[in-house]
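Worksheet: the structure to be examined is printed underneath.
Along the sequence shown, the residues carry numbers beginning at 1. Just so you know, ligand 1 is whichever comes first in the structure, and atom 1 is the first atom listed for that ligand.
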Amino acid sequence: MTAEVAAPMIKASVVNKYFGDLHVLREITLEVPRGQVVVVLGPSGSGKSTLCRAINRLEPINSGEIAVDGVPLPAEGKALAALRADVGMVFQSFNLFAHKTILENVMLAPTKVRKASKDEARKTAMELLERVGIANQADKYPAQLSGGQQQRVAIARALAMRPKVMLFDEPTSALDPEMVQEVLDVMTGLAKDGMTMLVVTHEMGFARRAADRVIFMADGEIVEDTTPEEFFTAPKSERAKDFLGKIL
Ligand code: ADP
Ligand code: MG
């Protein structure tokens with residue numbers, strides 16, 4: 001029997017966050033083990049985005065501690081840049097650089113931050129564009145692609161940093177309905193490959209199929225932390241029942 005246990009990929013301990021008087025994260029304690037796919041659900045304004053942003057320190061927290069792969073979040077400097085490289089993030093808005101090609105968008109951060117050579121960065125970028133099914137668009141500009149394609153590029157761009165964990169904040173919410181599935185398919189592929197993922201989404205089909213675990217937030221608190229099966233068939237809290245009643 002080995003006693004060695006790897007640190008959880010994400011560990012949040014009693015995290016509190018305020019915007020002025022508004023208490024947006026309340027005593028959040030959460031561990032995400034390596035390789036787990038966690039879907040975060042909850043009504044608008046419940047703190048889901050703030051939690052994601054706190055995990056790569058786009059938002060500072062007021063108290064508590066967050067660690068990624070056993071390392072407490074550094075406040076600034078090189079250590080913070082290294083942390084950000086380990087935590088990939090994909091937002092609702094893809095934020096690609098409009099005046100760079102798809103390939104250049106994916107190559108940029110690895111050459112700037114990871115100091116990869118151009119050749120190395122290009123090779124990796126092409127592999128990732130292949131993986132998200134879009135290598136044939138490499139020389140186009142973002143505006144020439146559909147929303148679904150642009151979001152797949154944004155995923156490739158995040159993966160180019162070789163992150164240890166990926167955070168997705170409503171990655172399909174801005175897409176036309178017919179483009180949602182192609183993005184979810186890429187995310188499902190990542191999950192199958194063993195990526196640790198925290199996914200805020202309203203796509204309940206994805207939550208049921210791809211999540212190992214569902215976290216339901218309301219008013220800045222984690223109200224339920226359970227399996228998708230349990231959450232969708234037997235939610236415990238009134239707030240979760242109310243939420244499911246509105247969306248299902
Ligand atoms: P969710 O992603 O679940 O919709 P958010 O994390 O975006 O929730 O927001 C949680 C609460 O914090 C909301 O009440 C929101 O209005 C507030 N909030 C979010 N960002 C800011 C900010 N930069 N300044 C002030 N209030 C904010
Ligand atoms: Mg949000």
Side-chain angles (χ1 to χ4, degrees), residues 10-30 32 37-66 68 73 75-76 80 83-84 87-96 147-148 150-151 154-155 158 165-177 179-180 183-184 187 196-208 210-211 213-226 228 231-232 235-248:
I10 300 171
K11 183 171 159 71
S13 314
V14 211
V15 170
N16 285 289
K17 165 75 183 172
Y18 295 82
F19 285 116
D21 291 337
L22 193 63
H23 197 176
V24 289
L25 295 179
R26 296 170 182 258
E27 314 274 298
I28 297 286
T29 292
L30 167 70
V32 180
V37 177
V38 178
V39 164
V40 182
L41 303 175
S44 177
S46 54
K48 307 179 300 294
S49 294
T50 305
L51 177 63
C52 285
R53 293 168 59 78
I55 292 171
N56 66 358
R57 221 176 183 287
L58 289 171
E59 284 299 347
I61 57 177
N62 294 96
S63 65
E65 190 179 83
I66 299 178
V68 173
L73 293 198
E76 56 191 17
L80 180 59
L83 167 97
R84 294 244 170 88
V87 182
M89 182 132 183
V90 175
F91 303 89
Q92 182 174 330
S93 55
F94 340 116
N95 296 326
L96 298 174
Q150 290 187 56
Q151 191 59 304
I155 295 173
V165 51
M166 286 283 287
L167 310 177
F168 292 88
D169 190 4
E170 301 201 28
T172 61
S173 295
L175 300 177
D176 290 335
M179 292 167 191
V180 168
V183 172
L184 295 179
M187 293 165 61
T196 309
M197 294 165 52
L198 189 80
V199 183
V200 179
T201 184
H202 298 297
E203 293 296 326
M204 297 302 144
F206 177 83
R208 281 171 184 272
R213 177 174 168 197
V214 166
I215 284 176
F216 174 72
M217 288 182 72
D219 299 328
E221 282 179 315
I222 295 180
V223 178
E224 303 212 17
D225 180 350
T226 183
F231 183 76
F232 289 110
K236 291 196 178 61
S237 62
E238 283 310 312
R239 282 188 286 191
K241 284 177 198 165
D242 182 55
F243 174 77
L244 286 169
K246 283 181 183 138
I247 54 151
L248 292 181

**Report entry** Backbone N/O of L41 and side chain of K48: donor-acceptor pair under 3.5 Å
**Finding:** no
Query raised in the report: Can any side-chain N or O of S13 pair as donor or acceptor with the backbone N or O of G64 at less than 3.5 Å?
Result: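 No, S13 side chain to G64 backbone: no donor-acceptor pair under 3.5 Å.
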Query - Single hit among R208, M204, E224 for side chain to side chain contact (heavy atoms under 4.5 Å, CB included) with F231 - result: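 Only one option passes, and that is E224.
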Requested in this report: Might you work through the side-chain contact (heavy atoms from CB on, under 4.5 Å) test for Q151 and T172, ending with a clear yes or no?
Outcome: CA-CA 8 Å; Q151 191 59 304; T172 61; 6.0 Å; no
**Report entry** Within-4.5 Å side-chain heavy-atom neighbours: F216 and P43
**Finding:** yes
Report task. With the side chain counted from C-beta on, respond yes when R239 and D219 share a heavy-atom pair under 4.5 Å apart, and no when they do not. Result -> yes
Query - the Mg ion (ligand 2) neighbourhood, protein N/O/S only, threshold under 2.8 Å - result: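 Per the 2.8 Å query on the Mg ion (ligand 2), atoms found are S49 OG.
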Query raised in the report: Name the residues in contact with ligand 1, where contact means a heavy atom under 4.0 Å away: which are they?
Result: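 Around ligand 1, where the cutoff is 4.0 Å for heavy atoms, the contacting residues are F19, L22, V24, P43, S44, G45, S46, G47, K48, S49, T50.
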Query - Cation-aromatic face contact K246/F243, 6.0 Å, 45 degrees - result: no
**Report entry** Distance-minimising heavy-atom pair for N62 and Y18
**Finding:**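 Taking every non-hydrogen atom into account, OD1-N, 2.7 Å.
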Query raised in the report: Which is it for D225 and R213 under the salt bridge (Lys or Arg N to Asp or Glu O under 4.0 Å) test, yes or no, and what are the steps along the way?
Result: CA-CA 7 Å; D225 180 350; R213 177 174 168 197; 2.7 Å; yes
